[in-house]
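Everything quoted here is computed from the prediction, not taken from an experiment.
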Amino acid sequence: MMSELIRVNGEEAALAVATVAELVASRLAPDARGVAVALNGAVLPRAKWPETRLAAGDRVEIVRARQGG
Amino acid sequence: MHTVYTPPTSDDPLVIAGRAFTSRLFLGTAGYPNQQAMLDAVAASGTQFVTASLRRISLDGYEESLIDVLGDRVGFLPNTAGCQTARDAILTAELGREALETHWVKLEIIGDRELQYPDVEELLIATAELTAKGFIVLPYCTEDPVACRKLADAGAAAVMPLGSPIGSGLGISNPHLIELVCSRSPVPVVLDAGIGTASDAAFAMELGCAAVLLNTAVSRADDPVRMARAMRYAVEAGRLAHLAGRIPRRRYAEPSSPQLGLVES
């Protein structure tokens, strides 16, 4: 069976985790600060990451505060 | 008897949306030769408010966030740099609120990538919508007194007209318009973009700006830390000069020394 796909920051990725919290944990250090997530074009507050399950076709943006002008 | 120097800012705070700043210099954090230079420049500038951007995490492992390196030493003003529509800017502002735990946003919507020139139509839409969502909106905008008033009417807590194009270092292209914006704006005016050196920052303050936001002039200077210090004093000097009130310009000389009791040979 083919694995289901999601898009993370514009790139296709296999849906290998259950929740948004797990996805973030797979990409960033656990204590990472200054991080925000949008799911399908809407911001998902940090408190909802653990309970929000990912589904095939979801578009996830994971962003971080960086230097800026 | 001599008096001890006290910064003019201590009894003359800038207040935006109820938040008081003793430093009238806002500093960008991008484009420094290295991270230590950025941290040292932030310290030397005396700023209490620095800008940040929101960008996708890189997929190749750990990277430090601005919040990790600057910690709680300064406040963060997330921007919406790179956005070209109100819709994108609103999502970016919401991501910034989540990432940096602040309702403040430097609203930047560019209508021409090459010129980095603000799109006032989109700014008005986004300012009204973000204000309704509880944001403190500081739009980067044109030095147009009507556009600035409309943005204030739409809810902007301050307006941030450009002196000249972003990163150009051309200074204040149209000082008369900046002065008009300052004299008519119902909200504080923050000169944003175009500053090249310290005299530009002082000039902005003399024209009546409430604060100056700059980045490239410091980050790309040969010595960013020294330039950061120069900007700090320039903003203070310009503010003092504005409050003090300059003398009128004259066409001819007006001798400073008394004209009576001249010595004759």
*Asks:* Roughly how far, to the nearest 0.5 Å, is CG of B:Leu95 from CZ of A:Arg64?
*Replies:* 14.0 Å
*Asks:* Whether the side chain of B:Glu98 engages the backbone of A:Arg46 through a donor-acceptor N/O pair (distance < 3.5 Å, no angle test) should be reported.
*Replies:* yes
*Asks:* May I ask you to check whether over 12 heavy atoms, not counting those of B:Arg87, lie within 6.0 Å of atom CZ?
*Replies:* no
*Asks:* Select, from B:Val50, B:Leu91, B:Leu100, the one with the greatest count of heavy-atom pairs under 4.5 Å involving chain A.
*Replies:* B:Leu91
*Asks:* Which atoms of A:Val43 are under 4.5 Å from chain B, going by heavy atoms: the side chain, the backbone, both sets, or neither?
*Replies:* both
*Asks:* How far does CD of A:Glu61 sit from CZ of B:Arg56, to the nearest 0.5 angstrom?
*Replies:* 4.0 Å
*Asks:* Decide if atom CZ of B:Arg226 counts as having more than 12 heavy atoms of other residues, nucleotides or ligands within a radius under 6.0 Å.
*Replies:* no
*Asks:* If you round to the nearest 0.5 Å, how far is CZ of A:Arg66 from CD1 of B:Ile67?
*Replies:* 14.0 Å
*Asks:* Looking at B:Asn34, I want to see if its CG is surrounded by more than 12 non-hydrogen atoms of other residues, nucleotides or ligands under 6.0 Å.
*Replies:* yes
*Asks:* For each of B:Asp192, B:Leu70, B:Asn79, tally heavy-atom pairs with chain A at distances under 4.5 Å, and name the one with the top tally.
*Replies:* B:Asn79
*Asks:* Over all heavy atoms of both residues, which pair between A:Gly69 and B:Ala30 is shortest? Give the atoms and the distance, please.
*Replies:* N-CB, 4.3 Å
*Asks:* Near B:Glu121 CD, under 6.0 Å, is it more than 12 heavy atoms from other residues, nucleotides or ligands?
*Replies:* no
*Asks:* Heavy-atom distance under 4.5 Å to chain A: side chain of B:Ala81, backbone, both or neither?
*Replies:* neither
